[in-house]
Structure formats: C-alpha cells, structure tokens
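Everything numeric here is computed off the predicted structure, so don't read it as measured data.
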Amino acid sequence: MIEETKQGGKPCLHCLADGKTIECSDDYQKLTFKCTKVFPEHATQQDVYDHVAPPVIDSVTNGINAAVIAYGQTGSGKTHTMYKSEADNELGRGLVPRIL
C-alpha cells in the first residue's frame, strides 16, 4: 500500500478504534461493516494468534472439531496469515505453525 500512496492513491478501508468496525469509502459513498474482530494493518502474527487460536485449541482438546478459514481476494494476505511471512523467523510464523 505504501507504493500506491506514493503514486497518489488513498486508503479505502479504515479500521475504527473499537476493533470491530471497518469503514469502506470512496468519493461517492461510505459503507460500514461490523465484525467480531478487525485487525489493523500493523497487527502482528502474534496479535492474530492471540485472538484466534485459544478457542480453536480449546475446542480441539475437548474433542470438538474446529477450523480456521482465511477468505479474501488474491493478494490480501491469506497465506501470510495462515503460514508465514517472507521473513522465515519466529515472529513471521503464521497461525498453522504456531498452533501445531
């Protein structure tokens, strides 16, 4: 997104301070979406893990099937979130390696 901003682009998604709301806006309209949890751009792999993993792990250890599904458009970060960032280190590990 930094490159797009340098070229005159502007963000169209904004995570609100409540951590549960996304605003999507352009020159013509503004849409608001309420979610269970919204992670801002600067969220780390650990932030996502800390919120998502505990209930999944609790369910599995109690014999209940569980799944984590990453959904989004191409290039939105699904693989990054689920597996790893380009930096192959402890901080870059995604959900799957952290849970296992």
Side-chain angles (χ1 to χ4, degrees):
M1 184 165 102
I2 294 170
E3 195 60 39
E4 290 88 351
T5 304
K6 287 180 184 175
Q7 296 174 8
K10 54 185 177 178
C12 63
L13 289 177
H14 304 280
C15 300
L16 301 188
D18 68 359
K20 296 183 178 189
T21 308
I22 299 172
E23 283 187 348
C24 179
S25 60
D26 60 18
D27 294 334
Y28 307 103
Q29 64 181 343
K30 179 166 70 172
L31 303 171
T32 302
F33 301 94
K34 292 283 187 182
C35 305
T36 304
K37 175 70 177 163
V38 175
F39 295 97
E41 279 183 66
H42 62 273
T44 65
Q45 295 281 37
Q46 187 67 46
D47 294 336
V48 176
Y49 175 85
D50 289 344
H51 183 78
V52 173
V56 173
I57 293 169
D58 287 345
S59 293
V60 171
T61 56
N62 287 313
I64 300 169
N65 291 335
V68 176
I69 300 170
Y71 177 83
Q73 71 184 45
T74 300
S76 63
K78 299 175 298 294
T79 302
H80 170 84
T81 300
M82 295 300 285
Y83 296 103
K84 67 177 184 172
S85 68
E86 292 177 9
D88 195 16
N89 60 38
E90 186 74 19
L91 293 176
R93 293 185 318 144
L95 283 173
V96 172
R98 288 171 189 264
I99 290 173
L100 298 177

request  = Determine whether C35 and V38 make a side-chain contact, defined as any pair of heavy atoms from C-beta on separated by less than 4.5 Å.
outcome  = yes
remark   = Rounded to the nearest 0.5 angstrom, the CZ-OG1 distance for F39 and T81 is 9.0 Å
request  = Spell out, as yes or no, whether a donor-acceptor pair under 3.5 Å connects the side chain of K78 to the backbone of G72.
outcome  = yes
Connected via hydrophobic side-chain network under 4.5 Å: L100 and Y49 = yes
Polar side-chain atom of D47 near backbone of A43 as donor-acceptor pair, under 3.5 Å = no
Smallest separation among heavy atoms of Q45 and G94, with atom names = NE2-CA, 3.7 Å
message = Rounded at 0.5 Å granularity, tell me how far CZ in R98 sits from CD in Q46.
response = 4.5 Å
request  = For F33 and C24, work out which heavy atoms get closest and say how close.
outcome  = CE1-CB, 4.1 Å
inquiry  = Looking at D26 and Q29, would you say the former's side chain and the latter's main chain have a donor-acceptor pair under 3.5 Å?
reply    = yes
ask   = Pick one: which of V52, I57, V60 meets side chain to side chain contact (heavy atoms under 4.5 Å, CB included) with I99?
value = I57
Distance-only check: which donor-acceptor pairs under 3.5 Å involve side-chain atoms of residues 13-23, not counting sequence neighbours?
from: D18; atom 1: OD1; to: K20; atom 2: N; distance (Å): 2.8
from: D18; atom 1: OD1; to: T21; atom 2: N; distance (Å): 3.0
from: D18; atom 1: OD1; to: T21; atom 2: OG1; distance (Å): 3.3
from: D18; atom 1: OD2; to: T21; atom 2: OG1; distance (Å): 2.6
from: T21; atom 1: OG1; to: K34; atom 2: NZ; distance (Å): 3.0

